[in-house]
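The next block holds one structure in the form of structure tokens; read it before the comments.
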Number of protein chains: 2
Amino acid sequence: MSDALDTLEHDNLGSTVYRLLSNALIEGRLKPGERLKIRELAARLGTSVTPVRDAILRLVQEQALTMKSARDIRVPHMTVARYLEIRTIRIRLEGLAAEMAAQRADAAQIAQLEELVRQNQQAIADGDIARGCDLNQRFHFALVDIAGMPFLQGILFRIWLQMGPLIAEVYAAGGDDMLDYHYPLLAAIRAHDGAAAARAIGDDLLYGGQVILQHLQNAAAADAAPADDDQPTA
Amino acid sequence: MSDALDTLEHDNLGSTVYRLLSNALIEGRLKPGERLKIRELAARLGTSVTPVRDAILRLVQEQALTMKSARDIRVPHMTVARYLEIRTIRIRLEGLAAEMAAQRADAAQIAQLEELVRQNQQAIADGDIARGCDLNQRFHFALVDIAGMPFLQGILFRIWLQMGPLIAEVYAAGGDDMLDYHYPLLAAIRAHDGAAAARAIGDDLLYGGQVILQHLQNAAAADAAPADDDQPTA
DNA sequence: ACAGCAAATATGATGCATCATAATTTACTG
DNA sequence: CAGTAAATTATGATGCATCATATTTGCTGT
């Protein structure tokens, strides 16, 4: 379900480490600002530094990690500008995915989406924010999967690599999971109405992401007038 | 002008090799199906295998190169399905870029675009297909640059990594450079009409890319009923 | 005690040796 | 001569040693 874009990829140890770190990023197990050390990771994973270096270099390349100076590998902080740009791109791209998914989805796939929303509803009722967050992400992935666009899936996977740490941060700060906009999306897909599906996912990203934007703007403000936050930006 | 997405990237030898190979791909100096050997490249570039391996692994990761078996690194062949998917994505993404560019472009930037089109016109008049091809690509890059969306630029750069070898192949087979649709695009940008600009670039990709699609379909047909082409697909 | 320099340490970069294995060549047998 | 099997070669994977350098620690002199 989650292993997108691995199509045809020759499997070496580096790829395994890459997937490991990717999942850690997407699931928010790596926090923005957190530093990574190649040797340490290698020791932890029981490999030499080579595959770890491979993986990290790949993640740096797609900007899922940054390397300001040679010795300083960390999970990047999201900026407001970057978030807005990514949001705009996601609206186009996930809109496309939703449109295609609405056209193509069969009964089983629709049921799968409904099940994800149902579980998400349950998670929210249980107050299990982390699970809700995870299910939300899986819903978005499932949509792209149904759209049947593997290349698009790769692009969106890379985008999620960037969103993971941010979303985890926001949820840790008490952000609410936004499920509201998934219902109209489901309705549009059931009706095979591509345009409506695209609109719905746009709403989801715009309004559902409002909490995230707020969080970023607060962080930016706190950064401009530094009080005593936990991260004094080095 | 051409070095997109290198923002903040810590420069190591691997990145240099990556850029080298990227340029080779985008400029069509690597043909679809062509095989790459790490040791050979390292020898040619006068480095050890490590940086070359770094670079190649990164390119494999973003599917600009494939690695079917561990020993078999090559420039991938484009398929019709993949081309159509990428075209759809490009229409959304470059449409977005054109829209933003139309809104933001100042006089100097518009002049820059006009200059590129003028040079392209000249190149076509001179029958210099390769140069026309290069200028066409630079026009598209310039547009994204003007749009001021660095993240989008990265995505589109990766897409061009895939298009490069294909376009070179088509032009080698006598494909015509399509400049026609750049004029309405320029007009839309001059008028700061985002929607019209997006439509124009969509037309450019759809109709201008017709030659490419034709080429791919011919290749696919020849592959299904193999006569005596130069590439019998291994 | 503090400023400034020096030694030690940490850490990514690079090169390279070795390994495993797939592709190719060679050689032997019938 | 043909076919098969063994040997050789080619080539990426992996580990690791070494290097360069940024950072930290600690010593020395005023």
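Keep in mind that this is a model prediction, so the values were computed, not measured. In what follows, chains carry the letters A, B, and so on, assigned in the order in which the sequence lines appear, proteins first and then strands, with residues in each chain numbered from 1.
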Has the side chain of A:R53 got a donor or acceptor atom sitting under 3.5 Å from an opposite partner on the base of C:dG12?
-> no
Interatomic distance where CG belongs to B:L45 and P belongs to C:dT14 [whole Å] = 13 Å
Select one nucleotide: of D:dG12, C:dC16, D:dC16, the one nearest the side-chain heavy atoms of B:T50.
-> C:dC16
Ignoring the backbone of B:T47, work out which of C:dT11, D:dG12, C:dG15 is nearest its side chain.
-> C:dG15
Tell me: CG of B:L13 to C1' of C:dC16, nearest whole Å?
-> 15 Å
Has the side chain of A:R71 got a donor or acceptor that lies under 3.5 Å from a partner of the other kind on the base of D:dT21?
-> yes
Take atom CG of B:N12 and atom C1' of C:dT11, then tell me their distance rounded to the nearest Å.
-> 14 Å
State, without any angle test, whether B:E62 and A:Q61 hold a side-chain donor-acceptor pair at a distance under 3.5 Å.
-> yes
Please check if any side-chain donor atom of A:R158 sits under 3.5 Å from a side-chain acceptor atom of A:Q63, or the reverse.
-> no
Tell me which nucleotide among C:dG12, D:dA13, D:dG15 gets nearest to the side chain of A:K37.
-> C:dG12
Between atom OG1 of A:T88 and atom CD of B:E99, what is the distance when rounded to the nearest 0.5 Å?
-> 9.5 Å
What nucleotide, of C:dT18, C:dT11, C:dA13, holds the atom closest to the side chain of B:R39?
-> C:dT18
Have a look at A:L36 and say if it touches a base, only the backbone sugar-phosphate, or nothing, with a 4.0 Å heavy-atom cut-off.
-> sugar-phosphate
Which of these nucleotides, C:dG15, D:dG12, C:dG12, is closest to any side-chain atom of B:I38?
-> D:dG12
Could you please name the option among D:dT14, D:dT11, C:dG15 that lies closest to any side-chain atom of B:S48?
-> C:dG15
Starting at atom CG of B:D72, determine the distance to atom P of C:dA20, rounded to an integer number of angstrom.
-> 22 Å
Roughly, in whole Å, what's the span from NZ in A:K68 to C1' in C:dG12?
-> 18 Å
Which nucleotide in D:dA13, D:dG15, C:dA13 has an atom nearest any side-chain atom of A:M67 = C:dA13
Write down the distance between CG (A:L57) and C1' (C:dG12), rounded to a whole number of angstrom.
-> 10 Å
Run the salt-bridge test on A:R19 and A:D11 with the 4.0 Å N-O cut-off and return the result as yes or no.
-> yes
Do B:Q112 and B:R138 have side-chain atoms, one donor and one acceptor, less than 3.5 Å apart?
-> no
Atom-pair distance (CG on A:D54; P on D:dG12), nearest Å = 14 Å
